Enquirer: 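Structure incoming, see below.
Protein chains get the first letters and strands the later ones, always in sequence-line order, with residue 1 at the start of each. On a predicted model such as this, the values are computed, not experimentally measured, just so you know.
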Amino acid sequence: MKIATFNINGMNARLPGLLQWLADKSPDVACLQELKTPHDKFPLSTIEEAGYSAVWHGQKSWNGVAILAKAGLKLEEIGRGLPGDPADEQSRYIEARVDDTIICCLYLPNGNPAPGPKFDYKMAWMDRLHEKAQGLVQLKESVVMLGDYNVIPGDLDAKRPERWVDDALFFPETKEKYQKLLELGWTDAIRKLYPDEKIFTYWDYFRNAFARDSGIRIDHLLLNPAAAERLETGGVDRDVRAGEKPSDHAPTWITLK
DNA sequence: ATGACTTACCCGGTAAGA
């Protein structure tokens with residue numbers, strides 16, 4: 001089973017590239033972030049024509065998450081939104097069962113400029129995710145909690161770590177909360193597969209960052225113990241970032257036995 | 001230290017991303 005996460009940065013703006021990627025790489029499950037489209041503007045019929053079913057949580061202009069599953073797989077939404085703050089209206093979390101695997105698709109807040117209210121929101125959101133993850137990690141079923149975490153976990157995850165020290169993605173508090181999450185028993189799948197390599201999933205639109213490979217790794221796939229046992233391979237579809245009108249993120253994927 | 005790109009929104013200027 002091939003499971004991918006892809007911050008597409010505008011569902012409708014990137015639709016041709018998304019369809020090309022689905023056709024080329026044929027993921028069984030594709031988690032998308034930053035749909036930037038209201039619920040009823042989600043291009044469901046196009047996605048279905050491409051051979052996928054979908055559940056999604058849209059929002060006007062910003063955020064938005066979706067889970068796509070290849071036709072033939074049983075896709076059932078479990079819920080949307082993270083518990084812990086009824087006033088939070090941002091669409092950043094959706095959870096579904098795909099056959100026997102639980103898929104949690106998330107778009108963690110960016111948090112810049114930091115410090116400030118946006119960083120406070122990020123910290124609170126990470127606390128809420130921690131609560132949620134504590135329950136999920138213990139399940140006997142396989143759970144994959146994946147998405148755009150907006151966290152650079154360590155120096156190995158940036159071409160030039162020193163450039164990010166004043167950024168919410170790389171603040172000590174951010175890295176610490178991510179580590180605490182892993183300590184619950186989650187495996188960072190890509191880091192597990194490539195313990196010593198600089199692997200990037202995002203490259204700035206500015207300054208020709210992709211051509212210089214000046215990237216960061218912020219899209220993560222976390223596995224509970226049941227899923228970690230099934231981990232086989234993984235990687236980043238860098239060719240998508242090199243294509244026409246690309247998102248600034250590249251699809252990041254794993255395969256489970 | 002700043003700015004460089006790109007999107008959505010509603011229609012050129014702002015807000016947001018990371």
Enquirer: Considering residues at least two apart in sequence or located in another chain, which fulfil the side-chain hydrogen bond (donor to acceptor under 3.5 Å, both in side chains) criterion with Q20(A)?
Expert: D24(A)

Enquirer: What's the CZ-C1' distance between R160(A) and dA18(B), to the nearest Å?
Expert: 15 Å

Enquirer: Could you check whether Y121(A) and D88(A), counting side-chain N and O atoms only, form a donor-acceptor pair closer than 3.5 Å?
Expert: yes

Enquirer: Using whole Å, report how far CZ of R163(A) lies from C1' of dA1(B).
Expert: 12 Å

Enquirer: dT14(B) and dA1(B): how far apart are their C1' atoms, nearest whole angstrom?
Expert: 23 Å

Enquirer: Under 3.5 Å, is there a donor-acceptor pair between the Q33(A) and T5(A) side chains?
Expert: yes

Enquirer: Applying a 4.0 Å non-hydrogen cut-off, can you work out what F210(A) is touching in the nucleic acid: base, sugar-phosphate, or nothing?
Expert: nothing

Enquirer: When the P atoms of dA15(B) and dC10(B) are compared, how many Å lie between them, rounded to an integer?
Expert: 15 Å

Enquirer: Which value, in whole Å, describes the distance between the C1' atoms of nucleotides dG3(B) and dA16(B)?
Expert: 16 Å

Enquirer: Can you tell me, in whole Å, how much space there is between the P of dT7(B) and that of dA18(B)?
Expert: 14 Å

Enquirer: Starting from P on dA18(B), measure out to CG on D219(A) and report it in whole angstrom.
Expert: 9 Å

Enquirer: Are side-chain N/O atoms of N112(A) and D167(A) paired as donor and acceptor at under 3.5 Å?
Expert: yes

Enquirer: Do the side-chain N or O atoms of H249(A) get closer than 4.0 angstrom to the phosphate oxygens (OP1, OP2) of dA18(B)?
Expert: yes

Enquirer: Taking the P atom in each of dT2(B) and dT6(B), what is the distance between them to the nearest angstrom?
Expert: 23 Å

Enquirer: Think Y149(A) has a side-chain N or O under 4.0 angstrom from the OP1 or OP2 of dA18(B)?
Expert: no

Enquirer: Rounded to the nearest 0.5 Å, how far apart are CG of L181(A) and NE2 of H220(A)?
Expert: 10.5 Å

Enquirer: Base, backbone or nothing for each nucleotide of nucleotides 5-13 of chain B, written B, S, -, heavy atoms under 4.0 angstrom, 5' to 3'?
Expert: BSBSSS---

Enquirer: Nearest-Å distance, CD1 (I216(A)) to P (dG17(B))?
Expert: 14 Å

Enquirer: Run the salt-bridge test on D155(A) and K198(A) with the 4.0 Å N-O cut-off and return the result as yes or no.
Expert: no

Enquirer: Ignoring backbone atoms, test whether N150(A) places a side-chain nitrogen or oxygen under 4.0 Å from the OP1 or OP2 oxygen of dA18(B).
Expert: yes

Enquirer: Touch check for D148(A), heavy atoms < 4.0 angstrom, all strands: base, sugar-phosphate only, or nothing?
Expert: sugar-phosphate

Enquirer: Whole angstrom is fine here: how far is it from CD1 in I8(A) over to C1' in dG17(B)?
Expert: 15 Å

Enquirer: For a quick check under 3.5 Å, do K70(A) and S26(A) share a side-chain donor-acceptor pair by atom type?
Expert: yes

Enquirer: Using atom NZ of K122(A) as one end and atom P of dG17(B) as the other, report the distance to the nearest whole Å.
Expert: 10 Å

Enquirer: Can you tell me how far C1' of dA18(B) sits from CG of N7(A), to the nearest Å?
Expert: 10 Å

